[in-house]
Every structure is written in structure tokens, then in C-alpha cells.
Amino acid sequence: MVAAHETTLRELLEGAKQYRVPLYQRTYSWTDSQLKRLWEDIRKLAEERAENPNLTHFIGSLVLAPSPTHGPSVSEFLVVDGQQRLTTLSILLCAIRDHRAKHEDPDHRDRIDQEYLINKYKPAHRLKLVPTQADRAAYEACLEATPQAGGSDQVGAAYRFFAAQLVAVDDPDDPMDIERVEDAVISGMALVSVVAQAGDNVYRIFESLNNTGLKLTQADLLRNYLFMRLPNRGEAVYDSLWFPLQKQLDAGELEQLFWLDLVHRNPEVKQTDTYVGQQARLNGLHTEAEIEAEVRRFCRLGALLRIILHPEEEQDPQVRRRLARLNAWDTTTVLPLLLHLLDRRKQGTATSDQIASAMLCVESYFVRRLLIGRATASINRVLLRIVTDMRKDLPVDEAVRAYLSVGRKYYATDTSLRESVRSIRSTSTAARPSASSSFSGWRRRTAVRNRSRQHR
């Protein structure tokens, strides 16, 4: 059961209230195009309300849920959906406050703060809007008007954008123009506030909204699910584990990490099924300690994927060389094995020499297949199945070599390689492409397939 009604920013922010953006929400991400569109709507509305003060402009919905820590003195809500626009409007209010305090009357600072931005007499709930931890420092810099306000992050960029627009529209001959802008923001921006009831599954509401609206990445959805499962440990886990992981890998790399983790269990899983697969696996865990252990494991694997993608950060020279050479083949199908090899070393079940030897074996496999004309035949299936199908009773380099050497995997012997090289020399280049051209063609085709798979 939810209650919905049309409201304004004034009604939302006046009084002792606090809106907390849950950890499972994505960080603030509005860009110039969205900021410009909102600003143009506000500027136009400010002009029109000069003639008709009752005009409003609808900007969307805000889905809220009572906070589990809801207290008697401050109305506390979780922002299930709409945090991007609520954060943007709060940043704009900071910019309006600073502009009016500087160019009109310093009293505007305390007035706007107390009415819309802070709960002055509730120090434990001072901020009316509490962004996610990743955005909190940047937002507080704007709120407190510190020298760090307007930094290089997305929050800072929004503040700088609005500050510049206010300067541009401020007419020295019109003392009411910025006041009209403030009025348009506070009283003219109409929202539909949807408030869930206590006991509703807030994450399910969020997931449903985003399945039909804003398209989140597989990594976004998994992060949201994990932190929904950490009601008590969420903040500490986010600070110590998740936030450092997000700094190591970008959104696409995070999604790739979670897919690779599934491939270690099921080579057939598609990257588009990453969230569904991980959620099904994690549904079997029941305690916060178990979920935290999974986040810790993802962080360990994330650090290893970072090395795979940036071989120059690897300490061992032989492993670094092999990683760089395999990267040159430009195929993601070798990533599950590389992640497994580095994790084996991390866990102490393989040495640097062994995993470098295993990677040399894979590179040799690529070259040999290329020279015998089997560069692309079933390569994806073969590579994606190494981790699940190779023998567990052998050292890892021997296990990789043994896996690639049996069945119809076309790990060419030295004898067949010599025969193939002689055949290449005796065949005209018009009839049979050179090894180098086949190599380039394979890389191009593999890259196309990988991009296609990522968009399926």
C-alpha cells in the first residue's frame, strides 16, 4: 500500500525532515544536458509566474519510504527513487543561497539554510538531504560553502553550473529576478510524492521502478541488491570495501567482474544475465556476515581484474609480460582463466612461475591454431570452459596444458605445425591468407563479437 499526492519542494523540505539516499542507489550522475534542461524549465517558469503565480511545472515523482530509524522529532525517509532530481534541486538551492547572500543580503544564507537545507535545532539530523557516502563530502562542501564547493566531481559540476547561470540571469536593474527564480524552484516545481508504508520491501519497489524506467547496469542492480541485504553493516562495508572497489574499476569493468565470477561456475552464462545469475546464487545466503564475505571476495577479485586490465601494475616481471602479450590478442574469453590464475596465486595454490607458464601455454595455443588455420574455430567455447573443466589434481600450468591438448581443441603438435608452415610457404598468398592477416582478421571479428555480446 502506498500513498501518492502532488507536492512542491517547499512542502517536502519545510519542517524537521530528513531524506536519506540509501547505499543501494547509484551516485549522483546528472550531466550538463540534464542540468541545462532543468535550468531552462526553471527560468521559463520564473518568467511566467510573474504573470500567473499559480503556474507549476511537473518534474517527476519521488518515491519515499519511512526510515527504519524513524524518530519522534524528525520525519525520516529513504529516497527509493528520484534522488537525482532531489539532489540537483538541493544543490541549486545552495547556489541560490550563496548568490543572494553575496549580491543581495547576507541574511538569505541563514533563511534558506533553515527553511530548506538543514535542521538547525536537530544536530543528530542536521542535513535535510543525506546523499550516498560517495557524494556526501562534495555535497557537504556545497552546503557549508567551503573552499572545496564546486569541485571536479559531478556534485561540484552541478553547483558550478547553477552558480554561473545565476550570474548570467541576474539583471542589476531588476532586484526581483533571482527571487523569482527561487520562488519557481521552491513553489513552482511540482512532484508526485509516493510514500510506501512501513514494512514494505523497499528494494523490491526500487527494483520494479528501475526495471521499467531508468536502465541500471547489471553492476548497479547487484550493488543495490547486496546493500539491501546489509541493513546494519551497509555503511561500514561500503566505506571499507565497496567504495575502494568502485575506485579501482569503472562501471563496465565492474559488470565484467561479476560476469567472470559466474563463468567460473557456469561457462554458458551470458553477460546480460549477470544480475539474475548472481542474485540467484546470493539468495542462498542468509546472514549479513555471509553477504559481507561475498563483498570482500568481490573486492579481492576486483583487485586482480585491475591487474589483468593494467598489466603494468603487476609486480612479477614474467607474469606482467605474459599478461601484456595476452592483452594484445584482444579477446575477453581468456579473462576467466586469467582471473582464476591470479586468484590461485593469491590463495597460495599456485606460484608466479606456474601461472606465467600457464599463460605462455595459452599464448602458444593461440599462435599454433592461427598457423594451422583454426584461429576462430570454437575458440570461445574452449576458453570459457577451461576453469570448470581442467583437472584439479595437477599444478595449474600442467592442468591448462593438459586441458588444451586433448579432444578437438586443435592444440597443434610440433609436427603438424611444421607441415602447416611448409603448406603456407607452398601456397600462393592469393589462395591462402598470411598468418599476420588471419591474426588481424581474428582480432577484428573477436572484438565485434565481444561488443555485440555486451549489448545483448
Side-chain angles (χ1 to χ4, degrees), residues 7-19 28 30 35-36 38-57 59 74-75 85-123 125-131 135-151 155-191:
T7 187
T8 63
L9 199 59
R10 180 189 298 278
E11 183 180 342
L12 284 168
L13 296 178
E14 280 186 335
K17 298 173 184 174
Q18 186 174 77
Y19 300 93
Y28 182 70
W30 271 28
L35 296 174
K36 288 175 182 176
L38 175 64
W39 176 253
E40 283 306 307
D41 290 339
I42 291 171
R43 187 185 58 78
K44 183 179 179 181
L45 181 63
E47 295 174 355
E48 293 174 344
R49 281 173 64 88
E51 301 295 329
N52 183 354
N54 295 319
L55 281 177
T56 59
H57 177 75
I59 60 169
V74 176
S75 298
R85 64 179 61 93
L86 183 58
T87 303
T88 302
L89 292 170
S90 297
I91 295 169
L92 173 54
L93 285 173
C94 290
I96 291 173
R97 175 204 62 190
D98 295 344
H99 184 93
R100 298 197 71 184
K102 179 179 179 180
H103 298 283
E104 298 176 17
D105 186 334
D107 289 345
H108 285 302
R109 181 173 303 281
D110 286 340
R111 177 185 63 79
I112 293 177
D113 272 350
Q114 293 182 44
E115 288 182 356
Y116 310 122
L117 295 173
I118 66 171
N119 298 305
K120 183 175 181 180
Y121 302 106
K122 308 291 182 182
H125 301 84
R126 184 170 180 272
L127 278 65
K128 294 205 174 187
L129 172 68
V130 182
D135 295 323
R136 202 167 298 169
Y139 177 74
E140 288 183 354
C142 296
L143 185 69
E144 306 297 341
T146 69
Q148 287 72 42
V155 171
Y159 177 84
R160 284 185 279 109
F161 173 84
F162 289 127
Q165 298 305 315
L166 289 166
V167 171
V169 301
D170 192 355
D171 183 354
D173 297 326
D174 184 355
M176 304 297 289
D177 51 0
I178 304 301
E179 182 175 338
R180 286 194 295 271
V181 170
E182 180 185 331
D183 174 71
V185 173
I186 290 299
S187 302
M189 296 284 102
L191 304 98

Side chains of [X] and [Y]: closer than 4.5 Å at any heavy-atom pair?
X      : Y      : answer
Leu86  : Leu9   : yes
Phe162 : Leu93  : no
Leu143 : Arg126 : yes
Leu191 : Leu12  : yes
Tyr139 : Val130 : no
Met189 : Leu38  : yes

Discussion item. What verdict does the side chain to side chain contact (heavy atoms under 4.5 Å, CB included) test give for Val181 and Trp39, after you've listed the backbone C-alpha separation in whole Å, the side-chain angles of each residue and the deciding distance to 0.1 Å?
Written reply: CA-CA 10 Å; Val181 170; Trp39 176 253; 4.1 Å; yes
List for me each residue that meets side-chain hydrogen bond (donor to acceptor under 3.5 Å, both in side chains) alongside [X], sequence neighbours excluded, and say none if there are none.
X      : answer
Tyr19  : none
Thr8   : none
Thr146 : Gln148
Asp183 : Arg49

Discussion item. One pair to check against salt bridge (Lys or Arg N to Asp or Glu O under 4.0 Å): Arg136 and Glu140. What are the steps and the verdict?
Written reply: CA-CA 6 Å; Arg136 202 167 298 169; Glu140 288 183 354; 5.4 Å; no
When rounded to the nearest 0.5 angstrom, what distance separates [atom1] in [X] from [atom2] in [Y]?
X      : Y      : atom1 : atom2 : answer
Tyr28  : Asp135 : OH    : CG    : 9.0 Å
Leu55  : Ser187 : CG    : OG    : 12.5 Å
His125 : Asn119 : NE2   : CG    : 8.5 Å
Asp110 : Leu117 : CG    : CG    : 11.5 Å
Ile96  : His108 : CD1   : NE2   : 11.0 Å
Glu11  : Lys17  : CD    : NZ    : 6.0 Å

Considering all heavy atoms, the nearest [X]-[Y] contact:
X      : Y      : value
Gly151 : Arg160 : O-NH2, 3.0 Å
Val155 : Cys142 : CG1-SG, 4.1 Å
Ile178 : Leu166 : CD1-O, 3.9 Å
Tyr116 : Arg10  : OH-NH1, 2.9 Å
Leu129 : Ser90  : CD2-OG, 3.6 Å
Leu35  : Phe161 : O-CE2, 3.6 Å

Discussion item. Under the criterion salt bridge (Lys or Arg N to Asp or Glu O under 4.0 Å), I'd like the reasoning laid out for Arg111 against Asp105: C-alpha separation, chi angles, the key distance, then a yes or no.
Written reply: CA-CA 11 Å; Arg111 177 185 63 79; Asp105 186 334; over 6 Å; no
Item to complete: Kindly indicate, with the supporting measurements, whether the criterion side chain to side chain contact (heavy atoms under 4.5 Å, CB included) is fulfilled by Asp177 and Val169.
Response: CA-CA 8 Å; Asp177 51 0; Val169 301; 5.8 Å; no
Discussion item. What verdict does the salt bridge (Lys or Arg N to Asp or Glu O under 4.0 Å) test give for Glu40 and Arg43, after you've listed the backbone C-alpha separation in whole Å, the side-chain angles of each residue and the deciding distance to 0.1 Å?
Written reply: CA-CA 5 Å; Glu40 283 306 307; Arg43 187 185 58 78; 2.6 Å; yes
Item to complete: Please check if the side chain of Lys120 supplies one atom and the backbone of Gln114 the other of a donor-acceptor pair under 3.5 Å.
Response: no
Discussion item. Given 3.5 Å as the limit, does a donor-acceptor pair link the side chain of Gln18 with the main chain of Leu127, or not?
Written reply: yes
Practice prompt. Among residues two or more places apart or on two chains, list those pairs meeting salt bridge (charged side-chain N to carboxylate O under 4.0 Å, His left out) that have a residue in residues 91-103.
Written response: Arg97-Asp113, Asp98-Arg109, Arg100-Glu104, Arg100-Glu179, Arg100-Glu182
Worksheet entry | ring pair (Phe, Tyr, Trp, His ring centres under 6.0 Å) involving His103 - partner list, sequence neighbours excluded | His99
Discussion item. Does Ile59 form a side chain to side chain contact (heavy atoms under 4.5 Å, CB included) with Asp41? I'd like the steps, not just the answer.
Written reply: CA-CA 9 Å; Ile59 60 169; Asp41 290 339; 5.6 Å; no
